[in-house]
Each structure stands twice: as C-alpha cells, then as structure tokens.
Asks: 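Quick one: this structure, given as structure tokens, is what I'll be asking you about.
Just so it is clear: chains get the letters A, B, ... in the order the sequence lines come, proteins before strands, and each one is counted from 1.
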Amino acid sequence: MSIVALATEGSTYEPPGVPDFWQPLIGEGAFAITRASIVIILSVALISWLLLAGTKRMAVVPNRKQAATEVTYGLVRDGVGRDIIGSKEFLRFVPMLFTLFCLIIVNNVFSVVPFIQFPTMSRVAFPAALAVFVFVVYHWIGIRKHGFFGYWKSLVPPGLPVALIPYIFILELITDLFTRPVTLALRLFGNMFAGHLLLVLFIGGGEYMIQHGALGIKIAGIGSLGMGFVMTVFEILVQVLQAYIFTLLTAIYIAGALADEH
Amino acid sequence: MPSQPPPPTPAGDPDEVPGLEAHQAWRAFAYLLSGPLVYGGLGWLLDGWFGTEFLLPVGIVGGMGLSLYLIWFRYGTH
C-alpha cells in the first residue's frame, strides 16, 4: 500500500548511486576541476594552517593548539612509526607517515562537515595515487637495503620444495606488486564510498519520505533521518579508523621491506 | 615542535623489527587473496584459450591451496 501511495504522488525518488560522486565544478571531462579537487586543496590549506598555528610560539607548557598538534604527531611518531618500524630506522619515515595521516583524516572527516560534505577518497584516483606513492617507497627502500636481486630473491622462503618454487614465486610477486597496493587503495576507497552512500540514502531518502509520503511514510522518514544521524556518528569513527589503518599499513609494509626476511 | 629527546633503544636484538608480526598477519591475508586471483585468472585465460570450462575452478581451488601451503610453510613451520 505504502509503495503505491508513493508512486501515485507523481514524483519519483532516485536512489543515490555512482553518478552522485562525479561532481565537476569547472570544465568537464578528464581535466575537470571537481568537488573532490576543491576539497583536497581546502584540506591542504587547512592542515597547513593548523600545523603552522600549532607550532607558532612554542612553549614548554603548550597552549591548546600546540598540545593538539603534539598529541597527533606523537600518535603517528610513537604509536605507528616507532612501534611498527622500530626505533632504529623509524625517524626518517615519520614525516611521510604524518603527512599521510593528516591528509587522509582531514579529507575523510570533511565528508560530514556541513557544506563540504564530500569524501575525497570516494573517488578512487585519490587513494590509488596515495597507494602508488606508498608502493614506490616500500619497494625502493627494500631494494636499497637488500640490493635489486637480493630483494626479489628474498621473496622465496628458503627450504621450499624445488618443484613449487616457480608457482610460489609468482604468488609472492603478485602479492607484492598487485594485491597489497590494490587492497590498500580499495580499502580506503570502499569505506569512504559506501559510508557516504549510506548517509545520502538515509538522509536524502528520509527527507523525501517526509515531504512526499502519506502519514505512515512520514513517520518512517523520521526514523530514516534518525538512522542517518546514528550512521553519521558511526561514519566519523570509520573515517578516523581508516586514516589510521592506511598509515599503519604503510608502516607495516615499510617494516616488511626493511626486514631481512619478508 | 620542541626538539624531542632521542627515543630509547629497546634492549635485545638491534636488527629486530617490532612490526614484523603485524606484517606477517597482513601478508597472510594478501596471500589468501593472491592465490585464487592469480591461478584462477590463469585458469580463466587457459579456459578461453582451450575452450574448456573446468580450469577456472581448478585454478581457484589450486591457488587457494597454494596460498594456504605458503602461509603454513612460512609462518607455521618455524
């Protein structure tokens, strides 16, 4: 009955989908400046401003901005860098890890900031570019540490039955060259994409039901908006978590490349 | 940022990489994806080439088996 009531209203509800994520603002086609481009530029400006403000007039007893900056930096430096890569070599990777963490977390949380409301990482090119960068870094330091042939030779564990070596080597190669960078990018992309889709569905759908539905539908619409609120809170958790996981995995890949055995 | 004191060096093996266990866990996960992907894909290609239909499932199952074997060999035996 309710579906019929909706259908006879005359207007139709279009559920959110992939096209909602393509929002060119200036120009069109491959070189358009999209909403995601604007958001990431905005995030870089915001991060720069926050970090400059947080490190200006530094004191032994920090003010609020300095304390917040130090806590974030400490989390990445000690919680990710030192704990994963080890105290001997971690320091030179901390700027990279901190940059990745700040960039991803700000862009993710922008997804629920009013008026911005767009997760940059829901366009797959952004996490893919970050993953390519991480990919180059961890192979590069691995090759520098073990030598070019030594690095690839260390892929095959010693003591393997000879008949299996070529099959295992292909498996290891694809894991290193394909699976790990691709899962790194897709994990971030998928979480941001699906999360944003859910929010648009619950909030946009709820709004539509309240505006166009019969009484019962209107009540359901209020429920949908409530669910949208719950999901927003949940999404903030996911956004922070995904930024952390991306940074953590970068550190883990680096640790693996530095280790004597993969 | 005030100059940070140098991090304390943990006792024990200086070459030890503390993140190695996490590295192995994530790598095992990557193996489980790679095996079926690579050998399933290879089976699919060969299926297209020979006009058969059984090589794709054989590749997926075989690849999974190879992944499991590799994880057991690497992290289970020593």
Asks: For A/D78, which residues count as a salt bridge (charged side-chain N to carboxylate O under 4.0 Å, His left out) partner, sequence neighbours excluded?
Replies: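 A/D78 satisfies salt bridge (charged side-chain N to carboxylate O under 4.0 Å, His left out) with A/R82 only.
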Asks: So, are A/E172 and B/R74 salt-bridged, with charged N and O less than 4.0 Å apart?
Replies: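 Salt bridge between A/E172 and B/R74, a charged N being under 4.0 Å from a carboxylate O: yes.
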Asks: With chain B as the partner chain, list the residues of residues 123-139 of chain A whose heavy atoms fall under 4.5 Å from it, by residue number, and write 'none' if nothing qualifies.
Replies: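 Interface residues of residues 123-139 of chain A: none, nothing closer than 4.5 Å to chain B.
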Asks: Determine whether the side chains of A/R144 and A/Y151 contain a donor N or O and an acceptor N or O closer than 3.5 Å.
Replies: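 On atom types as modelled, these side chains do not qualify, holding no pair under 3.5 Å.
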Asks: Which residues pass the salt bridge (charged side-chain N to carboxylate O under 4.0 Å, His left out) test with A/R92, not counting sequence neighbours?
Replies: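 Listed in chain order: A/E89.
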Asks: Give the C-alpha distance, both sets of side-chain angles, the deciding distance and a yes or no for ring pair (Phe, Tyr, Trp, His ring centres under 6.0 Å) between A/F110 and A/F118.
Replies: CA-CA 6 Å; A/F110 267 177; A/F118 190 87; over 10 Å; no
Asks: For residues A/F98 and A/V80, determine if any side-chain heavy atom of one lies less than 4.5 Å from a side-chain heavy atom of the other.
Replies: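 No, their side chains stay 4.5 Å or more apart.
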Asks: Take atom CH2 of A/W22 as the centre, draw a 6.0 Å sphere, and report whether it contains more than 12 heavy atoms from other residues, nucleotides or ligands.
Replies: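 It does: A/W22 CH2 has more than 12 such atoms within range.
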Asks: If the plane angle is over 60° it's perpendicular, under 30° parallel, otherwise tilted; pick one for A/H196 and A/F21.
Replies: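 Perpendicular: the ring planes of A/H196 and A/F21 meet at over 60°.
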Asks: Determine which residues belonging to residues 183-194 of chain A lie within contact range of chain B, meaning some heavy atom pair is under 4.5 Å apart, and list them by number or answer 'none'.
Replies: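 A/T183, A/R187, listed by number.
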Asks: Do A/V112 and A/I236 have side chains that get closer than 4.5 Å, going by heavy atoms?
Replies: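 Yes, side chains in contact.
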Asks: When you measure from the centre of the six-membered ring of A/F90, is the NZ or CZ of A/R77 closer than 6.0 Å and no more than 45° off the axis?
Replies: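 Ring-cation test returns no.
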Asks: Which bit of A/I254 is near chain B, if near means a heavy-atom gap under 4.5 Å: side chain, backbone, both or neither?
Replies: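 Neither part, no heavy atoms under 4.5 Å.
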Asks: Who wins among A/L164, A/I168, A/L51 for the most heavy-atom pairs under 4.5 Å with chain B?
Replies: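 Winner by heavy-atom pair count: A/I168.
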